[in-house]
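Notes for the one structure printed next.
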Amino acid sequence: TRKIFGDAEIQVNPTAVRVPVFYGHSEAIHIETREKISAQQARELLSKAPGVVVMDERGDGGYPTAVTDAAGKDDVFVGRIREDISHPRGLNLWVVSDNVRKG
C-alpha cells in the first residue's frame with residue numbers, strides 16, 4: 001500500500017491472501033481519515049489522482065480485478081469504495097494493480 005500510493009506515512013496492518021495468478025495484486029483496504037469524508041468524496045478525490053482509475057459501479061463487473069483490468073497496465077484500479085460501518089471516519093476500498101509493473 002505504501003509503495004502503490006507512494007506515501008511512507010500510511011500505517012499498514014495487512015492481511016495477505018495468495019492466489020495463484022500470473023499478474024495481479026489485490027488488496028482490501030480499510031482507511032481511517034482525520035476528518036470524515038463520504039464514499040462519494042473519496043471517489044471524486046481518487047478519480048483526480050494521477051495513475052488511479054476508479055471503477056466503482058454497483059452491479060455485475062462494476063469493480064476492478066487484477067487479471068481483467070490491471071494486467072499489463074501501470075494504473076492502480078480502485079473500486080468497492082464504501083463507508084465503514086465499524087468506524088465513524090473509516091472507508092473500505094478494493095485496490096488492484098499489476099504487481100510486475102507496480103511492484
Side-chain angles (χ1 to χ4, degrees):
T1 299
R2 289 177 179 166
K3 188 174 184 179
I4 289 172
F5 283 114
D7 186 348
E9 299 298 314
I10 295 174
Q11 293 186 3
V12 178
N13 184 17
T15 298
V17 177
R18 298 290 181 194
V19 178
V21 296
F22 290 109
Y23 304 102
H25 186 84
S26 303
E27 294 182 357
I29 298 175
H30 167 83
I31 62 172
E32 296 172 7
T33 57
R34 287 191 183 110
E35 305 289 327
K36 178 171 177 52
I37 64 171
S38 68
Q40 183 58 37
Q41 289 171 305
R43 281 183 205 93
E44 291 167 6
L45 289 168
L46 289 166
S47 68
K48 295 176 186 173
V52 175
V53 175
V54 174
M55 293 180 64
D56 195 44
E57 301 297 324
R58 303 289 187 241
D60 291 344
Y63 60 91
T65 65
V67 174
T68 304
D69 302 298
K73 299 179 182 130
D74 289 333
D75 291 324
V76 174
F77 295 81
V78 182
R80 293 193 171 178
I81 302 166
R82 62 199 185 281
E83 294 174 37
D84 188 336
I85 62 172
S86 70
H87 191 281
R89 297 180 319 277
L91 292 169
N92 294 307
L93 316 167
W94 178 248
V95 179
V96 301
S97 67
D98 184 323
N99 60 314
V100 175
R101 298 179 72 88
K102 283 304 239 196

Exercise. Any donor-acceptor pair under 3.5 Å linking the side chain of Glu83 with the backbone of Ser38?
Worked result: no

Problem set entry | Short side-chain to backbone donor-acceptor contact, Asp7 and Glu9, under 3.5 Å | yes

Exercise. Roughly how far, to the nearest 0.5 Å, is the CZ atom of Arg43 from the CG atom of Leu91?
Worked result: 9.5 Å

Exercise. What distance separates Arg89 CZ from Glu32 CD, expressed to the nearest 0.5 Å?
Worked result: 7.0 Å

Problem set entry | Residue pair Arg82 / Asn92, side-chain heavy-atom distance below 4.5 Å | yes

Exercise. Hey, does the side chain of Asn99 reach the backbone of Gly24 with a donor-acceptor pair shorter than 3.5 angstrom?
Worked result: yes

For this session: Looking only at non-hydrogen atoms, find the nearest pair between Val76 and Ser97 and report the distance.
Result: CG2-CB, 4.2 Å

Seminar exercise, completed: One should read off an interatomic distance between Thr68 OG1 and Met55 CE, to the nearest 0.5 angstrom, of 8.5 Å

Exercise. Is the side chain of Asp56 donor-acceptor paired with the backbone N or O of Arg80 at a distance under 3.5 Å, no angle test?
Worked result: yes

For this session: Any chance you could measure Leu45, atom CG, to Gln40, atom CD, to the nearest 0.5 Å?
Result: 10.0 Å

Problem set entry | Which atom of Ala70 lies closest to which atom of Phe77, heavy atoms considered | CA-CE1, 3.6 Å

Exercise. When rounded to the nearest 0.5 angstrom, what distance separates OH in Tyr63 from CG in Leu93?
Worked result: 16.0 Å

Exercise. Rounded to the nearest 0.5 Å, how far apart are CH2 of Trp94 and CD1 of Ile29?
Worked result: 9.5 Å

Seminar exercise, completed: For Gly90 and His30 the tightest heavy-atom approach is CA-CE1, 4.1 Å

Seminar exercise, completed: All heavy atoms of Ser26 vs all of Val96, minimum pair found to be OG-CG1, 3.3 Å

